[in-house]
Amino acid sequence: MKKIFLALVALFSMVNIAMASDDVVLTSGSLAELNAGQVKVCVVWDYSNSTLEGNKPETFLAEKGEDWVKGYPKELKNAEAVFAKQLNKKSKTVTLVDDSSAADYVMTIKMGDFHYGSTSLSFMIGFGTGDAHLSADITVTKGSTTVATIKADGVPGPGIGNETRRSNAYLDLAKWMVKLIKKAK
């Protein structure tokens with residue numbers, strides 16, 4: 001019975017992977033300007049309407065306990081740093097800057113829902129089951145002009161522990177952004 005169960009899990013995982021759509025898609029505009037030469041980009045993280053597993057962050061964190069409440073700001077800061085490091089490292093044309101007045105473009109990442117996933121499912125089944133997932137709406141602007149809008153939905157974050165899962169999801173989001181920038185024409 002165990003072999004049949006594992007075979008079915010593997011089969012469903014392969015079908016899911018084969019039918020999966022992109023986690024991050026350009027919905028309007030173009031990122032060609034970010035691929036045209038050396039540009040400075042300021043990333044602004046907007047958590048004003050974000051949720052954690054469908055709940056307001058305060059509610060979710062309070063239910064998890066004091067350690068979660070205390071650790072959450074550090075978790076966000078570390079994940080944002082992972083995103084910035086990956087984008088700077090892999091993009092040949094974009095350099096991130098902290099000051100929006102020194103930037104050519106501003107990339108606003110309006111976070112949607114973040115789901116932490118399940119460590120036990122990751123161990124028991126694998127194949128991405130139990131990964132964390134994030135959603136976000138991303139807008140790239142030059143001055144007051146919107147250059148591009150991007151939709152991120154279901155960006156995975158594997159790993160053990162909340163901070164690792166979030167950091168890995170932000171890392172994957174950065175990889176998707178680099179991919180979109182590099183293929184922009």
Side-chain angles (χ1 to χ4, degrees), residues 13-52 54 57 73 75-117 127-128 131-159 163-185:
S13 295
M14 287 186 278
V15 169
N16 196 20
I17 290 168
M19 296 179 70
S21 62
D22 288 346
D23 294 334
V24 181
V25 294
L26 181 70
T27 54
S28 71
S30 172
L31 294 171
E33 293 178 40
L34 274 65
N35 195 27
Q38 290 299 314
V39 295
K40 295 177 186 169
V41 176
C42 177
V43 175
V44 176
W45 295 91
D46 180 355
Y47 296 96
S48 60
N49 293 315
S50 67
T51 57
L52 296 173
E75 177 182 316
L76 295 179
K77 185 178 178 181
N78 289 344
E80 291 168 8
V82 166
F83 176 90
K85 183 178 179 182
Q86 181 70 17
L87 197 68
N88 274 331
K89 180 180 173 184
K90 295 296 182 179
S91 175
K92 305 289 187 231
T93 60
V94 171
T95 302
L96 296 185
V97 295
D98 293 330
D99 182 10
S100 62
S101 65
D104 302 311
Y105 299 88
V106 174
M107 180 185 298
T108 303
I109 303 176
K110 188 171 182 74
M111 292 300 292
D113 191 50
F114 187 85
H115 194 283
Y116 284 96
F127 303 106
D131 286 355
H133 290 91
L134 70 78
S135 63
D137 291 312
I138 303 163
T139 306
V140 179
T141 56
K142 183 175 187 176
S144 61
T145 304
T146 298
V147 175
T149 58
I150 298 115
K151 179 75 173 166
D153 190 21
V155 178
E163 290 182 29
T164 301
R165 288 169 181 269
R166 183 178 291 272
S167 290
N168 285 337
Y170 281 45
L171 176 75
D172 202 40
L173 179 61
K175 288 177 182 178
W176 273 105
M177 291 305 300
V178 168
K179 182 179 177 180
L180 289 175
I181 292 167
K182 283 183 178 181
K183 74 176 189 178
K185 294 178 177 161

What is the minimum heavy-atom distance between Asn35 and Lys182, and which atoms define it?
ND2-O, 3.2 Å

When rounded to the nearest 0.5 angstrom, what is the spacing between OG in Ser100 and NZ in Lys40?
13.0 Å

Taking salt bridge (charged side-chain N to carboxylate O under 4.0 Å, His left out) as the definition, give me every residue that meets it alongside Lys110, ordered by chain and number, with sequence neighbours left out.
Asp46

Determine, step by step, whether Asn78 and Arg166 satisfy the side chain to side chain contact (heavy atoms under 4.5 Å, CB included) criterion, reporting the C-alpha distance in whole Å, the side-chain angles of both residues, the deciding distance to 0.1 Å, and the verdict.
CA-CA 9 Å; Asn78 289 344; Arg166 183 178 291 272; over 6 Å; no

Please assess Thr149 against Ser28 for the test side chain to side chain donor-acceptor pair (under 3.5 Å), listing each intermediate value before the final yes or no.
CA-CA 5 Å; Thr149 58; Ser28 71; 2.5 Å; yes

Mind checking the NZ-CG spacing from Lys142 to Asp104? Nearest 0.5 Å is all I need.
6.5 Å

Residue pair Val24, Leu173: steps toward the side chain to side chain contact (heavy atoms under 4.5 Å, CB included) verdict
CA-CA 8 Å; Val24 181; Leu173 179 61; 3.9 Å; yes

To the nearest 0.5 Å, atom OH of Tyr116 lies from atom CD of Glu75 at 3.5 Å

I'd like to know whether CG of Asp98 has more than 12 heavy-atom contacts from other residues, nucleotides or ligands below 6.0 angstrom.
no

Any residue meeting salt bridge (charged side-chain N to carboxylate O under 4.0 Å, His left out) with Glu33, in chain and number order, not counting sequence neighbours:
none

Yes or no on side chain to side chain donor-acceptor pair (under 3.5 Å) for Asp113 and Ser135, after CA distance, side-chain angles and deciding distance?
CA-CA 5 Å; Asp113 191 50; Ser135 63; 5.9 Å; no

Give me the one residue out of Leu31, Val140, Ile181 that meets side-chain contact (heavy atoms from CB on, under 4.5 Å) with Leu26.
Leu31

I'd like to check Asp137 versus Lys151 (side-chain heavy atoms, cut-off strictly below 4.5 Å). Are they in contact?
yes

Heavy-atom pair of closest approach, residues Ser91 and Val94:
OG-N, 3.1 Å

How far apart are the C-alpha atoms of Met177 and Ile138, what are their side-chain angles, what is the distance that settles it, and do they pass the side chain to side chain contact (heavy atoms under 4.5 Å, CB included) test?
CA-CA 10 Å; Met177 291 305 300; Ile138 303 163; 3.9 Å; yes

Can you name the nearest heavy-atom pair linking Ala32 to Ala184, along with the distance?
N-CB, 3.4 Å

Would you compute the distance between atom CH2 of Trp45 and atom CG of Leu76 and round it to the nearest 0.5 angstrom?
9.5 Å

Thr93 side chain to Ala36 main-chain N or O, any donor-acceptor pair under 3.5 Å?
no

OH (Tyr105) and OG1 (Thr139) are apart, to the nearest 0.5 Å, by 15.0 Å

Using distance only, find each side-chain donor-acceptor pair of residues 81-88 under 3.5 Å and give its atom names and separation, not counting sequence neighbours.
| unit_1 | atom_1 | unit_2 | atom_2 | d |
| --- | --- | --- | --- | --- |
| Asn88 | OD1 | Leu96 | N | 2.9 |

What are the two closest heavy atoms between Ala136 and Met111, and how far apart are they?
CB-SD, 4.0 Å

What is the minimum heavy-atom distance between Pro57 and Ser50, and which atoms define it?
CD-O, 3.4 Å

Drop me the distance from Leu134's CG to Arg165's CZ, to the nearest 0.5 angstrom.
13.0 Å

Lys90 backbone acceptor or donor facing Lys175 side chain under 3.5 Å
no

For Met107 versus Val41, what's the shortest heavy-atom pair and its separation?
CB-CG1, 3.9 Å

